[in-house]
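Here's the structure, in structure tokens; my notes come after.
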Amino acid sequence: MLQGSNWGRWLFLSVFILIWQIAAYLLESDQLPGPLAVLQSLWYHLIEGDLLNSIIVTLRRVVLAFTLAMLVGIVVGFLMGRFPLIDTILDGVLIMGLNIPALVIIILCYVWFGLVEAAAVAAVAINKMPLVAVTVREGVRAIDQQLLQVGEVFRVPLVRSLLHIYMPQLYPYLITAARSGLSLIWKIVLVVELLGRSDGVGFQLNTFFQFFDITSILAYTLAFVLVIYSIESLLMRPLENYLTRWRS
């Protein structure tokens with residue numbers, strides 16, 4: 001099954017590159033450079049430009065915002081799922097957070113706190129927190145109540161109850177929140193950098209846009225995609241397989 005999935009992935013990628021090359025050849029336009037031109041631009045920006053430094057800066061913001069959003073979202077979601085009163089109090093705030101556009105939160109953070117790093121990270125984390133909280137809340141609600149009752153009967157300490165009763169059942173929800181949140185945070189970080197930072201991938205994309213440099217935009221996009229795929233393949237997927245190994 002895994003080998004078939006990999007073959008399907010490579011087949012899709014090959015067909016996509018082929019269609020891209022044919023379209024670039026037929027159009028012969030600077031608005032759609034071919035794959036080879038994009039790879040050459042990627043190599044140039046990697047060796048001579050600021051590509052590596054920009055990716056590192058953006059990654060730092062992603063990690064900080066992701067960690068903050070996950071920690072706060074898990075705590076809030078757990079409390080809402082465990083205690084109906086807290087759920088009733090915070091439900092309206094959660095719905096509001098899920099529906100306010102990310103751009104509005106980014107602008108407000110910059111206006112209130114200034115064009116500083118803390119405002120950028122906070123804007124990204126605030127956009128992500130409600131989604132994590134909702135996912136964790138639903139996971140807590142789905143926990144087997146009989147296991148909780150067994151823990152209460154045997155007076156299992158709180159820490160042990162969290163580790164051995166709650167967490168094994170919450171792992172799939174936490175992984176879902178992490179993977180969906182990571183993909184969302186990538187996008188929001190670029191907008192944050194485009195609007196109010198002087199470094200990072202988003203800032204560089206804005207610069208290339210002003211010069212209509214499509215080749216460099218696609219080169220940076222390709223580098224970003226490669227980083228995302230690496231994190232997904234080397235970190236997120238192995239972690240998910242390890243945490244859910246009991247299913248097999």
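This structure is a prediction, so every number in the text was calculated from the model and none was measured.
Side-chain N or O atoms of Arg61 include none that pairs as donor or acceptor with a backbone N or O of Ile56 at under 3.5 Å. Here the side chain of Tyr110 pairs a donor or acceptor atom with the backbone of Val192 at under 3.5 angstrom. Looking only at distances, a side-chain donor or acceptor of Ser183 sits under 3.5 Å from a matching main-chain atom of Ser180. Side-chain N or O atoms of Asn206 include none that pairs as donor or acceptor with a backbone N or O of Gly202 at under 3.5 Å. A donor-acceptor contact shorter than 3.5 Å is absent between the side chain of Ser41 and the backbone of Ala37.
Cluster annotation: Val38 and Tyr25 are assigned to distinct hydrophobic clusters (Ile/Leu/Val/Met/Phe/Trp/Tyr, side-chain heavy-atom contacts under 4.5 Å, transitive). Cluster annotation: Ile86 is connected to Val75 through the hydrophobic network of ILVMFWY side chains, with a link wherever side-chain heavy atoms come within less than 4.5 Å. Taken together through direct or relayed side-chain contacts under 4.5 Å among Ile, Leu, Val, Met, Phe, Trp and Tyr, Ile100 and Val191 form part of one hydrophobic cluster. Linking ILVMFWY side-chain heavy atoms closer than 4.5 Å, directly or via other members, places Leu222 and Leu52 in a single hydrophobic cluster. Phe203 and Leu195 are assigned to two separate hydrophobic clusters, defined by single-linkage of ILVMFWY side chains at heavy-atom distances under 4.5 Å.
No side-chain heavy atom of Val124 sits under 4.5 Å from any side-chain heavy atom of Leu68. By the 4.5 Å heavy-atom criterion applied to side chains, Thr58 and Glu193 are counted as neighbours. Glu117 places none of its side-chain heavy atoms less than 4.5 Å from the side chain of Val57. You'll find the side chain of Tyr220 stays beyond 4.5 Å of the side chain of Leu190, heavy atoms only. Looking at heavy atoms from C-beta onward, Leu170 lies in side-chain contact with Val140 at the 4.5 angstrom threshold. Counting only heavy atoms from C-beta outward, the side chains of Trp20 and Leu218 approach each other to under 4.5 Å. The shortest distance between side-chain heavy atoms of Leu194 and Leu205 does not fall below 4.5 Å. Looking at heavy atoms from C-beta onward, Asp50 lies in side-chain contact with Gln204 at the 4.5 angstrom threshold.
Minimum interatomic distance between Met70 and Val132 (heavy atoms only, all atoms of both residues): SD-CG2, 3.8 Å. The two residues Ala119 and Phe113 have their closest heavy-atom pair at CB-CB, 3.9 Å. Counting all heavy atoms, side chain and backbone alike, Ala125 lies closest to Ala65 at CB-O, 3.8 Å. Nearest heavy-atom pair across Arg197 and Ala120 is CD-CB, 4.0 Å.
Between atom CZ of residue Phe224 and atom CD1 of residue Ile228 there is a gap of 5.0 Å, rounded to the nearest 0.5 Å. Atom CD1 in Ile188 sits 8.0 Å away from atom CD1 in Ile105 (nearest 0.5 Å). Atom CZ of Phe66 sits about 9.5 Å away from atom CG of Leu71, to the nearest 0.5 Å. With values rounded to the nearest 0.5 angstrom, Thr215 atom OG1 is found 9.0 Å from Ile217 atom CD1. With rounding to the nearest 0.5 angstrom, the CD atom of Gln21 is 9.5 Å from the CG atom of Leu26. Between Ile126 atom CD1 and Leu108 atom CG the span is 9.0 Å, to the nearest 0.5 Å.
By the 4.0 Å N-to-carboxylate-O rule, Arg141 lies close enough to Asp87 to be salt-bridged with it.
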Practice item. Test side-chain contact (heavy atoms from CB on, under 4.5 Å) on Trp186 and Leu59 and set out the steps. Key: CA-CA 9 Å; Trp186 282 117; Leu59 274 175; 3.1 Å; yes
Practice item. Start with the C-alpha gap between Asn127 and Leu184, add the side-chain angles, then the distance that decides, and say whether side-chain contact (heavy atoms from CB on, under 4.5 Å) holds. Key: CA-CA 9 Å; Asn127 276 288; Leu184 177 64; 5.5 Å; no
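Between Phe208 and His45, the ring planes lie tilted relative to each other; the angle falls in the 30° to 60° range.
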